[in-house]
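Worksheet: one structure, shown below.
Please read all numbers here as calculations on a predicted model, not as lab measurements.
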Amino acid sequence: MLSSVPVLSWLPRYSLRDNAIGDLISGISVGIMHLPQGMAYALLAAVPPVFGLYSSFYPILIYFIFGSSKHISVGTYAVMSVMIGGVTERLAPDSNFMMYVNATNQSMVDVLARDTERVKVAAAVTFLSGLFQMLLGLVQFGFVVTYLSEPLVRGYTTGAAIHVIVSQLKYTFGISPKRHSGPFALIFTVIEVCYLVPETNIGTLVVSLVSIIGLIMVKELNTYLGKKLPVPIPVELLGIIIATVISWQVNLEGKYGVEVVGEIPSGLQPPVMPTASLFGQVIGDAFALSVVGYGIAISLGRIFALKYGYKVDSNQELIALGLSNSIGGVFQCFAISCSMSRTMVQESTGGKTQVASALSAMVILVIMLWIGALFEELPKAVLAAIIYVNLHGMMKQFMDIPTLWKSNKVDMLVWVATLILTVLFNPDIGLAASIAFSMLTVIFRTQLPKYSLLGQVPETDIYRPVEDYNQVNEIPGVVIFRSSATLYFANAEMYQDALAEKSGIDITKLISQKKKAEAKRLRKEKKEARKAKKDAKKNAQEWLRMLINHNYECLITSLTHSLSIHSSLLSLSLSLSLSVACVIENLESGGFFSEKVSKACLFSSIHDAVLHCQTDRATINKDDEVKHTNTHGHDTCTHTQTHSHYFTKTNRYFQTFGFVGFRCWLLAALF
């Protein structure tokens with residue numbers, strides 16, 4: 001119960017003396033940020049600004065109860081909002097709400113009906129995305145975030161930020177471009193905006209430029225005085241207050257045609273179940289929202305959990321976000337996630353628990369009940385300016401490219417490809433394509449690993465690649481081959497080719513020769529057995545002589561193969577001792593081990609394998625000397641015994657190499 005509802009475990013132990021002041025200041029500061037950001041991001045979602053305030057209230061309270069992170073600030077987020085906006089504008093375009101006005105003989109958009117329908121669409125896709133998140137959390141699917149690598153997430157958010165910027169150009173220039181959907185929609189939108197630039201509303205453009213410059217200047221002042229100010233200057237709040245007062249006094253809408261926010265109803269909306277008939281049309285968008293929202297929240301949550309020494313439960317985060325979105329959808333909110341800017345303010349102003357988030361929700365509640373109507377004259381161009389300025393952190397992510405170029409070029413390729421795919425396609429399709437591309441790079445890396453031969457650091461049991469270290473020495477008669485990737489069907493052939501190239505041993509040829517020799521030996525055994533059976537009645541001594549000749553021929557066959565590989569031994573190092581038991585168990589269940597390939601050929605380290613090979617070779621060489629010494633001084637029986645003894649040693653040597661050379665290289669990458 002406590003793990004499912006984390007607030008029950010930490011709230012009774014909440015320390016007022018240690019946390020209350022910091023959480024209070026942090027909650028008020030973040031609540032003030034929620035007001036302009038909620039209204040601005042509602043424009044991205046293509047719904048009236050007041051619904052951005054609803055999305056900054058209900059989901060926060062739900063996350064306060066079920067969330068496991070102490071520091072992140074959930075609520076409206078630019079990337080999620082622009083994805084919602086894509087869905088609402090696709091299913092409720094302006095063209096569906098055109099009406100003819102007799103007085104002017106012109107057609108115009110029925111804004112009220114359009115916004116009502118868009119709110120229904122946003123609530124439906126938000127509710128469904130919450131259900132997806134809860135379902136994934138209940139089946140313990142939190143590990144899915146591991147497939148969203150950091151380069152992919154940063155490239156995706158940068159591409160989504162470009163979509164956000166382009167979507168706000170109409171508010172900056174005071175124009176009305178047509179909405180485009182599908183692949184390359186962003187490019188078509190930019191082309192049309194450029195075509196409509198001559199129709200720019202000068203008053204709107206001036207408001208936009210002044211707002212952007214003012215916001216940037218105060219934010220830079222915040223950065224400069226960051227250590228001296230106890231609380232950052234609420235630049236967005238000051239901006240919307242000043243802009244609202246000026247708009248009201250000058251009548252920007254009436255005199256200059258500057259578009260303003262309009263009516264903001266006071267109070268809270270009653271719960272309404274989402275329109276189920278829309279679910280089939282938004283199911284793909286809902287799943288993309290669930291994955292993106294969770295990926296961003298858990299990534300930021302883990303950063304602060306690591307910084308402050310606690311653990312964030314990935315599956316509980318899925319459930320918390322799922323409940324926030326599904327319940328929020330009932331109250332006509334749009335999908336939420338975690339905001340980096342608000343989280344940084346919440347942490348820097350002393351917030352230590354989710355009490356700060358609950359207090360920020362109370363600030364929004366006060367605004368919705370009594371203050372919201374005061375911002376009806378706020379120009380939408382100011383909200384667009386707030387969005388632009390808040391995206392500067394995402395734009396700085398372009399500096400990842402030179403950094404990744406120096407550290408990991410494949411990660412850089414993932415970053416750039418994700419950016420391009422997200423820009424060219426919609427954020428939802430771009431995400432799916434980016435994940436697919438990232439998976440391809442994983443396959444690419446496993447198919448092109450680094451193969452190396454290891455040498456020994458003098459007078460140690462340490463082995464390093466000979467091409468990377470100039471002070472390591474190769475061990476005479478022993479070749480140590482290593483691969484940096486797991487061995488599986490897609491790279492098995494390349495692995496074998498690399499093994500042959502590095503060691504000078506043609507594995508395929510050796511296996512073929514061994515099979516031919518084995519088949520020849522079996523044929524001879526059958527032939528000799530039949531012949532021996534016929535001749536047994538004639539002369540027992542003659543049968544014994546034939547058997548000795550047969551063993552001698554088998555000896556020659558084994559010697560041929562042993563001598564061809566005598567100078568190129570391979571060794572296996574099972575360096576990950578924790579996984580050895582599991583792998584050996586799988587090999588046993590698969591019938592891998594036999595009399596010739598036994599567990600005795602497994603070693604706990606490279607050094608043990610090398611020592612075994614050296615000892616085995618020394619024993620065989622010693623047997624060679626004994627054989628040559630005794631060959632001329634013994635009778636036929638002794639001579640036969642020596643050959644038999646030599647055959648046993650040589651066959652043991654061959655069996656050992658047969659495991660290492662033909663079988664064990666398949667194991668090298670499993671560990």
Side-chain angles (χ1 to χ4, degrees), residues 38 41-63 74-97 109-138 160 163 167 179 181-182 185 265 268-294 297 318-337 426-429 431-432:
Y41 293 158
L43 296 183
L44 293 177
V47 296
V50 68
F51 291 93
L53 300 182
Y54 298 153
S55 301
S56 301
F57 174 67
Y58 294 106
I60 295 176
L61 293 180
I62 302 301
Y63 186 84
V74 298
T76 56
Y77 183 60
V79 175
M80 304 287 288
S81 299
V82 76
M83 294 176 70
I84 291 284
V87 181
T88 55
E89 291 184 350
R90 185 183 77 240
L91 298 182
D94 290 343
S95 58
N96 290 359
F97 302 93
V109 178
D110 186 349
V111 176
L112 181 61
R114 181 200 65 184
D115 289 348
T116 301
E117 184 64 24
R118 287 182 175 180
V119 168
K120 291 181 180 179
V121 173
V125 71
T126 298
F127 179 81
L128 194 57
S129 70
L131 294 183
F132 276 127
Q133 288 174 327
M134 286 192 294
L135 179 62
L136 293 175
L138 292 174
H163 278 275
S167 70
R179 184 196 175 275
S181 60
L268 302 175
Q269 291 287 326
V272 178
M273 285 303 298
T275 306
S277 60
L278 293 172
F279 289 167
Q281 303 177 63
V282 300
I283 186 170
D285 304 282
F287 185 78
L289 281 167
S290 65
V291 174
V292 173
Y294 169 66
L318 269 173
I319 295 174
L321 291 172
L323 288 170
S324 299
N325 281 322
S326 57
I327 296 176
V330 173
F331 288 94
Q332 298 177 321
C333 303
F334 54 86
I336 57 94
S337 185
N426 290 334
D428 51 353
I429 300 176
L431 176 64

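- No more than 12 heavy atoms of other residues, nucleotides or ligands lie within 6.0 Å of CD1 in I283, so this atom counts as exposed by the packing criterion.
- Considering every non-hydrogen atom in both Q133 and S290, the closest pair reads NE2-O, 3.1 Å.
- With hydrogens and angles disregarded, no donor-acceptor distance shorter than 3.5 Å links the side chain of T88 to the backbone of A122.
- Here the side chain of S326 pairs no donor or acceptor atom with the backbone of G130 at under 3.5 angstrom.
- Between Y58 and I327, every side-chain heavy-atom pair lies at or beyond the 4.5 Å cut-off.
- More than 12 heavy-atom neighbours from other residues, nucleotides or ligands sit within 6.0 angstrom of CZ on F279.
- In this structure, F334 and M80 have side chains that are not in contact, with every pair of non-hydrogen atoms separated by 4.5 Å or more.
- In plain terms, the two heavy atoms of S167 and V82 that are nearest each other are OG-CG2, 4.3 Å.
- Here the side chain of R114 pairs no donor or acceptor atom with the backbone of P93 at under 3.5 angstrom.
- Inter-residue side-chain proximity for L431 and V292 is flagged as met; some heavy-atom pair is nearer than 4.5 Å.
- Side-chain atoms of T275 and L278, non-hydrogen and from C-beta on, do get closer than 4.5 Å to each other.
- In terms of heavy-atom proximity, A92 sits nearest to R118 at O-NE, 3.0 Å.
- Proximity of V330 to F127: side-chain heavy atoms (C-beta onward) are separated by under 4.5 Å at one or more points.
- P427 and M83 make their closest contact through CB-CG, 3.7 Å (heavy atoms, listed as atom of the first residue, atom of the second, distance).
- Take Y54 and apply the ring pair (Phe, Tyr, Trp, His ring centres under 6.0 Å) test, not counting sequence neighbours, and it matches F51.
- Judged purely by atom type and a 3.5 angstrom limit, S324 uses its side chain to pair as donor or acceptor with the backbone of P59.
- A donor-acceptor contact shorter than 3.5 Å is absent between the side chain of Q332 and the backbone of A123.
- By the 4.0 Å N-to-carboxylate-O rule, D115 lies too far from K120 to be salt-bridged with it.
- L61 places a side-chain heavy atom less than 4.5 Å from the side chain of F57.
- Within the 4.5 Å cutoff, the side chain of L128 has no heavy atoms near those of the D285 side chain.
- In this structure, OH on Y41 lies 15.0 Å from CD1 on I84, to the nearest 0.5 angstrom.
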Worked verdict on L321 versus I336 for side-chain contact (heavy atoms from CB on, under 4.5 Å): CA-CA 8 Å; L321 291 172; I336 57 94; 4.2 Å; yes
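- Applying the side chain to side chain donor-acceptor pair (under 3.5 Å) rule to E89 yields the partners R179; only residues at least two apart in sequence or on another chain are considered.
- Side chain of S337 to backbone of G293: a donor-acceptor contact under 3.5 angstrom is found.
- The two atoms that bring N325 and T126 nearest to each other are O-CG2, 3.3 Å, heavy atoms only.
- Closest approach of A286 to S129, counting heavy atoms only: O-CB, 3.3 Å.
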